[in-house]
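What follows is a single structure, written as structure tokens, with notes after it.
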Amino acid sequence: MRILFLGDIVGRRGREAVTSAVPLLRHDLRLDLVIVNAENASHGFGLTPDMARSLFAAGADVISLGNHAWDRKEIIPYIAETPRLIRPLNYPSGTPGNGSVLISLPDGRKALVMQTLGRLFMDPLDCPFRATGDLLTKYRLGASVHAIIADIHAEASSEKMAYGHIFDGQMSLVVGTHTHCPTSDNQILPGGTAFQSDAGMCGDYDSVIGMAKTGAMLRFWRKMPTERLAPADGAVTICGVMVETDDYTGLACRIEPLRMGGRLAPAVPTV
């Protein structure tokens, strides 16, 4: 199975770049499954139903959120009726929406996609490790499902790495989001799980993690929260990872970074 995961979409320019690129990437890379994180798609904070619909129409199979899941209140009724839009698994019981979704491909193969929210320097939610372990008791990689993908939305690389090692051999891909900076540690862990600490963002890298420089810099310089933050509107770099899995075991055969456009050095996976 060929899986593409794209990191946090930031603002209008990020949305436009992703919706334009996904149909071409699906064709050129012969992708079976496309997952995008869109928790910063609405002016940098949250996601609206119309934006989600446009990403699905462009070819995204699953959209994940994160700590900004509820910044746009209109997403609450929409997520309750849209299984392919997922929020972190470790929100308390009763939170609208779901933290995972089982996707059936046209050829009958199945993929489980989940998201968890880290706790270091983040909201103190339920344990992401135990929530993931409980979910994995219901699915077996290479048996009931052909692939399992986890988006761990977390600040600390140490927490993401620990998560990857704990579930090594039980998932096809563990990929981090939230910090908006693509890491160069893409690898296949000893147990066969593909891993990258952070997929990066789909946004303008002439910025402060996707936000216009002036307001962000002044917040640090003056230490006052009054400076307005808005997404940077320059050329977008689309960042993510592509993973190819073995359909028999569900484990990863390869992982390659994806970087297209904008300011960062390009990296396009081979077919």
Side-chain angles (χ1 to χ4, degrees), residues 4-22 25 34-60 62-76 78-79 85-88 115 117 121-123 151 153-155 175-183 198-241 257-266:
L4 178 67
F5 184 96
L6 296 181
D8 309 48
I9 298 170
V10 180
R12 176 179 59 84
R13 295 298 298 270
R15 296 195 313 268
E16 291 174 347
V18 170
T19 54
S20 296
V22 165
L25 290 169
V34 175
I35 306 157
V36 300
N37 184 293
E39 71 135 13
N40 301 120
S42 179
H43 210 66
F45 301 94
L47 175 71
T48 68
D50 284 348
M51 294 171 187
R53 292 185 189 102
S54 68
L55 290 167
F56 285 133
V62 179
I63 300 173
S64 60
L65 294 171
N67 60 302
H68 289 292
W70 315 119
D71 284 6
R72 297 299 298 263
K73 305 307 180 188
E74 58 267 47
I75 205 67
I76 295 175
Y78 180 76
I79 197 173
L85 175 63
I86 61 173
R87 44 76 175 165
Q115 184 184 50
L117 194 68
F121 315 115
M122 305 280 278
D123 291 338
D151 167 4
H153 198 77
E155 188 78 38
V175 59
T177 54
H178 180 67
T179 63
H180 293 199
C181 299
T183 56
D198 202 282
M201 69 174 176
C202 298
D204 177 9
Y205 278 82
D206 185 18
S207 67
V208 176
I209 64 168
M211 308 307 282
K213 292 182 289 187
T214 301
M217 290 188 298
L218 287 174
R219 281 196 174 201
F220 285 103
W221 182 256
R222 295 176 178 169
K223 298 304 293 181
M224 295 179 66
T226 55
E227 305 298 339
R228 184 180 178 184
L229 293 179
D233 61 359
V236 169
T237 304
I238 295 174
C239 288
V241 294
L258 173 85
R259 295 188 300 274
M260 295 175 53
R263 300 175 63 84
L264 301 190

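When reading the values below, keep in mind they use all heavy atoms of this one structure, side chains included, and skip hydrogens, waters and symmetry mates.
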A side-chain contact here means heavy atoms from C-beta on lying under 4.5 Å apart; do Tyr205 and Cys239 qualify?
yes
So does Thr183 get a backbone contact from the side chain of Asp198, meaning a donor-acceptor N/O pair under 3.5 Å?
no
Evaluate the side-chain contact (heavy atoms from CB on, under 4.5 Å) criterion for residues Val241 and Leu258: first the C-alpha distance (whole Å), next the side-chain angles of each, then the deciding distance (0.1 Å), finally the verdict.
CA-CA 5 Å; Val241 294; Leu258 173 85; over 6 Å; no
Donor-acceptor contact below 3.5 Å, side chain Arg259 vs main chain Ala265:
yes
Within 6.0 Å of CZ in Arg53, more than 12 heavy atoms from elsewhere
yes
Would you find a donor on one side and an acceptor on the other, under 3.5 Å apart, between the side chain of Ser207 and the backbone of Ala232?
no
Would you check if the side chain of Gln115 reaches a backbone N or O of His153 as a donor-acceptor pair within less than 3.5 Å?
no
Asn40 side chain vs Val10 backbone, donor-acceptor pair below 3.5 Å:
no
Tell me every residue that passes side-chain contact (heavy atoms from CB on, under 4.5 Å) with Ser42, counting only those two or more places apart in sequence or in another chain.
Thr48, Met51, Arg72
The complete set of salt bridge (Lys or Arg N to Asp or Glu O under 4.0 Å) pairs with one or both residues in residues 34-46, sequence neighbours excluded, reads none
Can you measure from CZ (Arg219) to OG1 (Thr214) and round to the nearest 0.5 angstrom?
13.0 Å
Tell me if a side-chain donor or acceptor on Arg87 pairs with a main-chain N or O of Ala69 at a distance below 3.5 Å.
no
